[in-house]
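Numbering of ligands and ligand atoms starts at 1, following listing order. Scope of the values below: all heavy atoms of this structure, side chains included, with no hydrogens, waters or symmetry mates.
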Amino acid sequence: MPDLINRVTAPPEVHLPLRGHVVYGGPEGIGETHFDDVPEPETVEIEGEKGDDPRVALRKTLGLFTTGVTIITTRAGDEVHGMTANAFMSVSLEPPLVLISIDRRAKMCGLLHEGARFGVNVLGETQRDLSDRFAGRPLPDDVGQPRFAMIHDTPLIDGALAQFAARVVRSYWGGDHSLFLGQPLYAHTNPGTPLVFHRGRYERLVETTATG
Ligand code: FAD
């Protein structure tokens, strides 16, 4: 009986060192974390192809974690500002808490602070255009403008698969991102199938029929 395990050739392992480009800016910090308290950058060992930029390799590895796609919305004076985000997670049911991670260079980051309201609009599979629009990507000319409903002083996108209005209760340092913990004040669902994001691309859920 051949030893199958010995016949499997392991892929070559390349370990790429990554030294973080950690953002230490800001005199005081954010939320409960002061910038003096943040961890020192460490070397990260990542498996990747020879010649890969270590940050690209880390990003590719992280991209295997499959998510939905949301548009984070907030009111900026008399206007609505939105941005595409897949870094959204449910944190707790008692009390209800959700978390978003926003790039510190994003306009959205400057609009959110403790006490601010934000909307989370979970996109359906037919709403790629909205994802592209709110990520600043080019769109075909015939794509219409999004419409918003104001609920709890929070703009929510018409037709999103799930909608939450939340209030920022804490914010935290997250390296080059800021983390905003939100307490949902409103939640609503519409029928449909979610848009999926995987390895940097949009995907669709495929329904499988169990056999056997
Ligand atoms: P801008 O870049 O100024 O605005 C974003 C776009 O939205 C612009 O084109 C603007 O014209 C349009 N827009 C804004 N408000 C309106 C409105 N009322 N009506 C019509 N159009 C409007 N970044 C993160 O920080 N965290 C994430 O989790 C994250 N996940 C992402 C997931 C995906 C699938 C994609 C494609 C991108 C993701 N990004 C994420 C990147 C982020 O969406 C972009 O960097 C975005 O441009 C940042 O937005 P901003 O707040 O800087 O605003």
TODO: Kindly write out the residues that satisfy side chain to side chain donor-acceptor pair (under 3.5 Å) with Ser131, not counting sequence neighbours, or none if the list is empty.
DONE: Tyr202
Task: For Arg167, side chain to side chain donor-acceptor pair (under 3.5 Å) partners two or more places apart - done: Gln183
Open item on the list: Ring-plane angle category for His152 and Tyr186, please: parallel below 30°, perpendicular beyond 60°, tilted otherwise.
Closed with: tilted
Task: Main-chain N/O of Val196 paired with Glu125 side-chain donor or acceptor, under 3.5 Å - done: no
Open item on the list: For the CG atom of Asn190 and the NE2 atom of His188, what is their distance to the nearest 0.5 Å?
Closed with: 4.0 Å
Open item on the list: Taking salt bridge (charged side-chain N to carboxylate O under 4.0 Å, His left out) as the cut-off, I'd like each qualifying pair that reaches into residues 140-159, sequence neighbours left out, listed once.
Closed with: Arg75-Asp153, Arg147-Asp158
Dump the pairs for me: ligand 1 N or O, protein N or O, distance under 3.5 Å, to 0.1 Å.
from	atom 1	to	atom 2	distance (Å)
ligand 1	7 (O)	Arg133	O	3.3
ligand 1	9 (O)	Arg133	O	3.2
ligand 1	15 (N)	Gly82	N	3.2
ligand 1	18 (N)	Val80	O	2.8
ligand 1	25 (O)	Asp103	N	2.7
ligand 1	26 (N)	Ser101	O	3.0
ligand 1	28 (O)	Asn86	N	3.2
ligand 1	28 (O)	Ala87	N	3.0
ligand 1	30 (N)	Asn86	N	3.0
ligand 1	30 (N)	Asn86	OD1	3.1
ligand 1	39 (N)	Thr84	O	3.3
ligand 1	43 (O)	Thr84	O	2.7
ligand 1	51 (O)	His81	NE2	2.8
ligand 1	51 (O)	Lys107	N	3.3
ligand 1	51 (O)	Met108	N	2.9
ligand 1	52 (O)	Lys107	N	2.8
ligand 1	53 (O)	His81	NE2	3.1

